[in-house]
Asks: 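Just passing along the structure, written as structure tokens.
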Protein chains: 2
Amino acid sequence: MGASYYQFCPVAKAMELLDERWTLLVIRELIAGSDRFNDLRRGLPRMSPTLLSKRLKQLQRAGVLERRVVDGESRYVLTEAGLELRPVVEALGAWGIRWVGDLGDRDLDPKLLLWDMRRHVDRAAVPAGRTVVNFEFSDVSASRRWWMVIGDEDVDVCDDDPGLEVDVLLRARLRDLISVWMGDTSWRTALFSGGVVIEAPSVVRRRFPSWFTLSEFAVVPRPA
Amino acid sequence: MGASYYQFCPVAKAMELLDERWTLLVIRELIAGSDRFNDLRRGLPRMSPTLLSKRLKQLQRAGVLERRVVDGESRYVLTEAGLELRPVVEALGAWGIRWVGDLGDRDLDPKLLLWDMRRHVDRAAVPAGRTVVNFEFSDVSASRRWWMVIGDEDVDVCDDDPGLEVDVLLRARLRDLISVWMGDTSWRTALFSGGVVIEAPSVVRRRFPSWFTLSEFAVVPRPA
DNA sequence: CGGTATCCCCGTCGATACTG
DNA sequence: CAGTATCGACGGGGATACCG
């Protein structure tokens, strides 16, 4: 665990655990539903596996999560104490989206956007069977093309061509699509401005935005 | 500011600012009402003045607080963005008091307890005029005696004898008094067990607990 | 897939002294 | 009261390679 503040204040005691770099983002991922080591890594691409392993052990010791091994597969599951960190994460996110200034270019990671969109596919809104969406980002140097394969059971994301027929081609400036995702811009506005372009049969094109629920922070009201 | 996570997620952006050591405790102090450099230091006794100064500048740059100089005295005042961190601090404290295990001896700082009690004197409950409370902690090595002088206008705390007549002598094990303060033990139980002893005329002794509202986290329900 | 092992750098933080 | 100045260590964490 982190260094002690030597205070009995519960805020200080909580922060002794939570103020260490990456810790709360690991918890965010667990709350978002990831429970396997490599899935956690996908949501934390710049965190080294060594450090992730260390953080998981710390959180286990602190009683925030449990490691369960079933059939040789290990899962990280939040305890009751861990689940109760949801209000902390929500309060932080609500504050962040209201008060953190503009995002830097380095913050705009298509990998993370796709990973987050993957979690927010509204399966009921997407046509049954397999649907392939191809993303093309105009303002990204490497890995400008991504594919999302929405199946009946699960959703896959990759950055190499799976060789499947594409149902929707979405061309966008990454910053503009993220702006929609975070609720700063409506689909309507982004499509009108041309920052986001959906290429598909018109009926599909109109329905496409409903396939995804946006980031949970998109609904947070912004300061006047 | 702290190192970037290179994520657009608002939780990550918030934590870039807030995950640095001491930062959220500085904000806690500001929310609690301290606004002068040396008052902040009183609530953060193990933080070096250099680091406090640095954190205040960072928070200023982040738009969380403003420094105001009036008549040569500087005050640190939370902005609207800063005030909105209250839910974050509250969520952290509520989690901490529910889920952080027992406090270590090093966490039991009489200086911090007295400073916190000072902020929670219910002036209306204390007799008018000057009231002097003398605290004596049986289990503290240095500075085992403290004085709290409750005046009509303000409350002072010190660890050297002000030479005033004492109205109440409170003898306690520090751990037991903190347990009362945090809502883990009732006054009734602590007094009955002898962990806390109030020496004063009986009418004063019975009213004494009502002189202080406890820590704001005392009312948080505990896990079964 | 699910992690460990190592290595080393650099920045944070703590301690202390000092100033207007 | 309200901070600065200086300095050193120490260890967190980033990078990379590797293993079962």
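Order of the sequence lines fixes the chain letters, A, B, ..., with proteins taken first and strands second; residue numbering starts at 1 for each chain. Please read these numbers as outputs of a predicted model, since none were measured by experiment.
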Asks: So that I can tick it off, tell me whether A:Glu216 and A:Arg119 are bridged by a salt bridge, with the cut-off set at under 4.0 angstrom between side-chain N and carboxylate O.
Replies: no
Asks: Using whole Å, what does the distance between atom C1' of nucleotide D:dG3 and atom CD of B:Gln58 come to?
Replies: 16 Å
Asks: Expressed as a whole number of angstroms, how long is the span from B:Tyr76:OH to D:dA2:P?
Replies: 8 Å
Asks: Think B:Lys54 has a side-chain N or O under 4.0 angstrom from the OP1 or OP2 of D:dT4?
Replies: no
Asks: Please pick, from D:dA2, C:dG2, C:dT12, the nucleotide with the shortest atom-to-atom distance to any side-chain atom of B:Asn38.
Replies: D:dA2
Asks: Could you check whether A:Glu16 and A:Ser4, counting side-chain N and O atoms only, form a donor-acceptor pair closer than 3.5 Å?
Replies: yes
Asks: For A:Arg21, which contact category applies under a 4.0 Å heavy-atom criterion: base, sugar-phosphate, or nothing?
Replies: sugar-phosphate
Asks: Using atom CZ of B:Arg41 as one end and atom P of D:dC1 as the other, report the distance to the nearest whole Å.
Replies: 10 Å
Asks: Would you say B:Trp22 places a side-chain N or O within less than 4.0 Å of OP1 or OP2 belonging to C:dT12?
Replies: no
Asks: How close or far is atom C1' of C:dG14 from atom OH of A:Tyr5, stated in whole angstroms?
Replies: 13 Å
Asks: Base, sugar-phosphate alone, or nothing: which one does B:Arg55 contact when heavy atoms must sit under 4.0 Å apart?
Replies: sugar-phosphate
Asks: With the side chain counted from C-beta on, respond yes when A:Trp99 and B:Lys13 share a heavy-atom pair under 4.5 Å apart, and no when they do not.
Replies: no
Asks: Just the rounded figure in Å: distance from P of C:dG11 to CD of A:Glu20.
Replies: 19 Å
Asks: Quickly work out the A:Leu52 CG to D:dA15 C1' distance and round it to whole Å.
Replies: 15 Å
Asks: By the 4.0 Å heavy-atom rule, please label B:Arg67 as base, sugar-phosphate, or nothing.
Replies: sugar-phosphate
Asks: Pick the closest DNA chain C nucleotide for A:Ala3 and for A:Leu56 by heavy atoms, then say which residue is nearer the 5' end.
Replies: A:Leu56
Asks: Looking at D:dT4, I'd like to know if its phosphate oxygens (OP1 or OP2) sit under 4.0 Å from a side-chain N or O belonging to B:Lys57.
Replies: yes
Asks: I want to check one thing: is the phosphate of C:dG14, taken as OP1 and OP2, less than 4.0 Å away from some side-chain N or O of B:Ser48?
Replies: no
Asks: May I ask you to verify if any side-chain N or O of A:Arg36 is less than 4.0 angstrom from the OP1 or OP2 atom of C:dG2?
Replies: yes
Asks: What is the separation between atom OH on A:Tyr6 and atom P on C:dG14, rounded to the nearest whole Å?
Replies: 11 Å
Asks: Within the 4.5 Å heavy-atom criterion, are A:Ile178 and A:Asp107 side-chain neighbours or not?
Replies: no
Asks: Below 4.0 angstrom from OP1 or OP2 of C:dC1, is there any side-chain N or O of A:Ser74?
Replies: no
Asks: I need the CZ-C1' distance between A:Arg75 and C:dG2, as an integer number of Å.
Replies: 12 Å
Asks: Salt bridge check: are B:Arg123 and B:Asp152 linked by an N-O gap of less than 4.0 Å?
Replies: yes
Asks: Strictly by modelled atom types, are B:Ser53 and B:Lys57 linked by a side-chain donor-acceptor pair under 3.5 Å?
Replies: yes
Asks: Out of D:dG14, D:dT16, C:dG14, which nucleotide sits closest to the side chain of A:Thr50?
Replies: D:dT16
Asks: Nearest to the side chain of A:Leu51, which nucleotide is it out of D:dG13, D:dG3, D:dT16?
Replies: D:dG13
